[in-house]
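Have a look at the structure below, then the notes.
Predicted model only: the values in this text are computed from it and were never measured. Order of the sequence lines fixes the chain letters, A, B, ..., with proteins taken first and strands second; residue numbering starts at 1 for each chain.
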Amino acid sequence: MLATSPRLRATGLRIVQAIPVVIGVVVISFLLTRALPGDPAVYFAGVAADADSIEQTRVAMGLDKPMAQQFLIYVGDLLQGDLGQSLSSGRSVAEDLAKRLPASLELTLTALLLAIAIAVPLGVLAATRPGTWVDHLCRVVVTAGVSLPTFFTGILLIYVFYYLLGIAPSPLGRLDFIYLDPDHVTGFYLIDAALMGDWETWRGAAKQLILPAGTLALFTLAPIARMTRAAMLSALSSDFIRTARAAGLSNRTVLFRYAFRNALLPVVTTLGMVFSFALGANVLVEKVFAWPGIGSYAVEALVVSDYAAVQGFVLAMALLFVALNLVIDLLYTAIDPRIGFSSK
Amino acid sequence: MPAAAQGSDTLVVVSGQTINSLDLHRSGTSRASYQVGVNCYDRLVSFGTKEAPGGGYSFDYGVVEPELAESWTESDDGLTLTFKLKPDAKFWDGRKVTAADVKWSFDRAVSVGGFPSVQMKAGGFVRPDQFEAVDDETFVIKLDFPSKLSIPDLAVPVPYIINSVEALANATEEDPWALEYLHMTPAGSGAFKIARWTPGEQMVYERNDDWVGGPLPALKRVVVREVPSPATRRALVERGDVQVAFDIPDKDAAELAETLDVFSTPVVNCMFCLCPNFAFEPFQDPDVRKALAYAIPYADIFQAAAYGRGVPLWGGEEEINDIAWPRKSQYYTDLEKAKEHMAKSGFAEGFDVPLSISLDLVSWMEPTAILIQEALGQIGITVEIEKIPGANWRTASLVEKRLPLHLETFGGWLDTPDYYFFWAYQDGHLFNSSNYRNEEIEELTNATLHMPMDDPEYAPKIKRMFEIVLDELPRIPLYQPALNVAANGVDGYEFWFHRQLDIRPLKTV
């Protein structure tokens, strides 16, 4: 089976190649967290701790042991699937990630779909009609998107749509407190609520998503729209398009079958970059909308030197990136048959 | 589906802090989590209520009221405290609260180490053998020495009473105090139970209708939502979608005060101060410290950093006639006087010093530091502002005490001046970040710490202590900060020294 399917074999190979990366991430994240300034034992011993109680806390946290031993304990736990206990949230890191990663993914994916839905047509239109109002609109949206910081856009949207107009729901996280969380299946509220057939909760969750996803979409659509426009322009000016036009193919066929498909490759590359970037960088959106995501979790853990939580976050992100790169490579081959795995 | 329609007996509170445990005794429990100790558990006693400056109510340190104890007596030598428990007090599972539960809970607080044990020690409670359950309703504490702090220390959040039968059923050999179980599952007798808790998102309190610790709360359900962004919290309370925004920034408090009910209660026994470290040579010179005290632009700091919320602590009488603390120092902004003191000092040429601030507290520390930097520049002291990450701040300022010039914020839970002196002015103690040592202060603090406040010797000794530290200036008082709470449609807010929201007296209007 493996021998016969080059794609499967290549996928397997890529996963094997990811192993040293993950090992490196484990070592580096362990060392980096230890290099952070601050003494977690002092922090977690509490407001009025004296030297004795700080020492008791240090022993309880296992930080009195030599570093090599701490590392062996960490790796041993990791092999059993135990990511450790977060001190700042008081729960196991695995539990925290399982709860918060879907929240971030749901927000980021919704924002990205929204951004694609706006940016790709906008980019294509701008490329086919350079110099017209569509092109200028594209330029304005793109410039605004990159130059407005997300926390500002977020607060502005809250001010206009919630505070002044009162049409947006209260920015209180994933679900207003009058709803109960849907049963946990995927952790994506929209999917879980749909699986339960609870459309009232689904609408509640969707309403909560609109403003934060809009904020993030405004930020992410800029690189996508620019890349679409540039790639379409270069595709449209290439020889094969001239040939296709000369052969009398319809405008639509030329535009979508030949130009757009060729322009998709750089767009997909950008999408991958934007996605990974947005997932880590939406901390500010999470803070403004009280969204219980992974970004604010990681930042809070960093601030208090919560080693286990930081390591868990870095590891989860590393695995996510490995998976993401794999998906993008597979997408390449689907879009452009000339790219094969056999050549790699 | 909607879990409950919002009614007048439901209240929504937003706060920027994270509740990370339902058990205060666990190490690593965040400050916001103390509210569970207050609202879900009972203590033997509580403090009374009085009207507070800045609106609303405040706890009254001078009045101790029953909570789970019906009555108590103190032996003539002050060494034995005998408590009678309320006979009708029940835990949430319906079991009667007994003296054995009290003993187990107190044993736990003094044995688990860390912050709870430190706080218990302040009242003179250090060993389990000091506690005795005489019968179901009689509980006795034996003290090693009489102390005025003992009874008040039983009203702080730490010595709360746990359902020991439920806890022991879930304890293990490695975890005899059931720290893991009570971390997620409170077992108390308090006014509210936890209906749901999603860490990082929300906590839902539900009233315990059988509560006997005090008057039954008016609210049936209270939702505490965590909203990190202050701007979002402000929008929510202004729109009226939430009724309480707890611990809002001074700036928002000043601006919202015109439209909403804003309670800005000065935090008891607390002051923000500038600390010159005695380990740093120029600050060993008393004239340099006085020069600092006359150079600080107090009024500008109070406006820029606190937006006028709180109590000024400068420009007072030099003569000390009362024992209220914090008190206004005799210093005020006078650059000429500051320059005179600099000229008299051994450092007339001036010197360079870093002024350290915490990145976690920049909202008030940064404007304060910039104003101080500018003022000290005029008397020849070149200040460079050093920002220290929050995780490192406690280690650098309080544990290693290595910051030459820094800002400090200690506030004492027990509201007596001697208690503040114990933590902040005695040599080697945690909040004495200036490395200050004065033999007379050592002696007077030790003498007054456990002395009753109506002892004829108490007031003169305290006045002498004020006099020394305000002359020697290991901590230069800037202002007393306020805890700001915005309310929209809520009455009965009460300030507590622990700076967490007591939801029991709240009612909607």
Side-chain angles (χ1 to χ4, degrees), chain A residues 36-40 42-54 56-57 60-61 86-91 96 99-100 151 154-155 158-159 162-163 166 169-174 176-181 198 200-201 204 284 286-290 292 296-297 300 302-306, chain B residues 1-6 12 14 18-22 26-31 33 112-119 122 183-184 196 198-202 204 223 225-229 231-233 235-236 238-239 241-242 359-360 388-395 398-399 413 423 429-431:
Chain A
L36 284 174
D39 184 344
V42 175
Y43 194 93
F44 287 106
V47 275
D50 51 17
D52 283 348
S53 49
I54 289 170
Q56 285 162 1
T57 314
M61 291 167 76
S86 159
L87 287 155
S88 47
S89 78
R91 301 197 306 173
D96 279 338
K99 178 96 191 151
R100 284 170 171 267
F151 71 88
I155 291 176
I158 289 181
Y159 182 67
Y162 168 68
Y163 186 78
S170 6
L172 273 172
R174 300 183 79 184
D176 201 334
F177 54 85
I178 57 167
Y179 300 100
L180 288 172
D181 299 354
D198 183 352
E200 208 172 329
T201 302
L284 293 169
E286 288 176 6
K287 291 255 182 214
V288 169
F289 291 94
S296 47
Y297 176 71
E300 272 150 35
L302 261 179
V303 166
V304 300
S305 295
D306 187 353
Chain B
M1 77 196 136
Q6 206 180 331
V12 187
V14 283
T18 304
I19 297 170
N20 69 355
S21 174
L22 305 182
R26 191 183 150 92
S27 75
T29 296
S30 70
R31 222 189 160 100
S33 315
V112 289
F115 166 64
S117 302
V118 173
Q119 186 61 46
H183 168 47
M184 305 298 275
R196 293 169 70 202
T198 320
E201 288 179 61
Q202 69 172 355
V204 182
V223 182
R225 270 275 177 150
E226 198 182 305
V227 178
S229 155
T232 312
R233 291 205 292 276
L236 284 164
E238 271 194 273
R239 287 275 305 177
D241 283 338
V242 308
L359 277 174
D360 277 2
I388 297 184
N392 214 4
W393 176 252
R394 286 179 57 81
T395 315
L398 302 182
V399 180
W413 273 11
W423 282 108
H429 287 198
L430 190 70
F431 293 92

Give, as side chain, backbone, both or neither, the part of [X] having an atom under 4.5 angstrom from any heavy atom of chain A.
{"X": "B/Val14", "value": "side chain"}
{"X": "B/Ser30", "value": "neither"}
{"X": "B/Thr198", "value": "side chain"}
{"X": "B/Arg26", "value": "side chain"}
{"X": "B/Val223", "value": "side chain"}

Out of B/Pro389, B/Pro116, B/Ala235, return the one with the most heavy atom pairs under 4.5 angstrom to chain A.
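Ranked by heavy-atom pairs under 4.5 Å with chain A, first place is B/Ala235.
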
Quick one: does [X]'s side chain get under 4.5 Å of [Y]'s, heavy atoms only?
{"X": "A/Asp181", "Y": "A/Lys99", "value": "yes"}
{"X": "A/Phe151", "Y": "B/Ser229", "value": "no"}
{"X": "A/Glu300", "Y": "B/Thr18", "value": "yes"}

Could you tell me which residues satisfy side chain to side chain contact (heavy atoms under 4.5 Å, CB included) with B/Glu238, sequence neighbours excluded, listed by chain and number?
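Per chain and number, B/Glu238 pairs via side chain to side chain contact (heavy atoms under 4.5 Å, CB included) with A/Tyr163, B/Arg234, B/Leu256, B/Leu260.
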
Look only at the side chain of B/Arg225 and the backbone of B/Glu201, and say whether a donor-acceptor pair between them is shorter than 3.5 Å.
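Not a single qualifying donor-acceptor pair exists.
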
Is A/Ser170 in contact with chain B via its backbone, its side chain, both, or neither, using a 4.5 Å heavy-atom distance?
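Backbone plus side chain of A/Ser170, per the 4.5 Å heavy-atom cut-off to chain B.
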
With only heavy atoms counted, which part of A/Leu172 is less than 4.5 Å from chain B, the side chain, the backbone, both or neither?
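Contact with chain B involves both backbone and side-chain atoms of A/Leu172.
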
Polar side chain donor-acceptor pair, B/Asp241 to A/Tyr162, under 3.5 angstrom:
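Their side chains do contain a donor-acceptor pair, which is all the 3.5 Å distance test asks for.
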
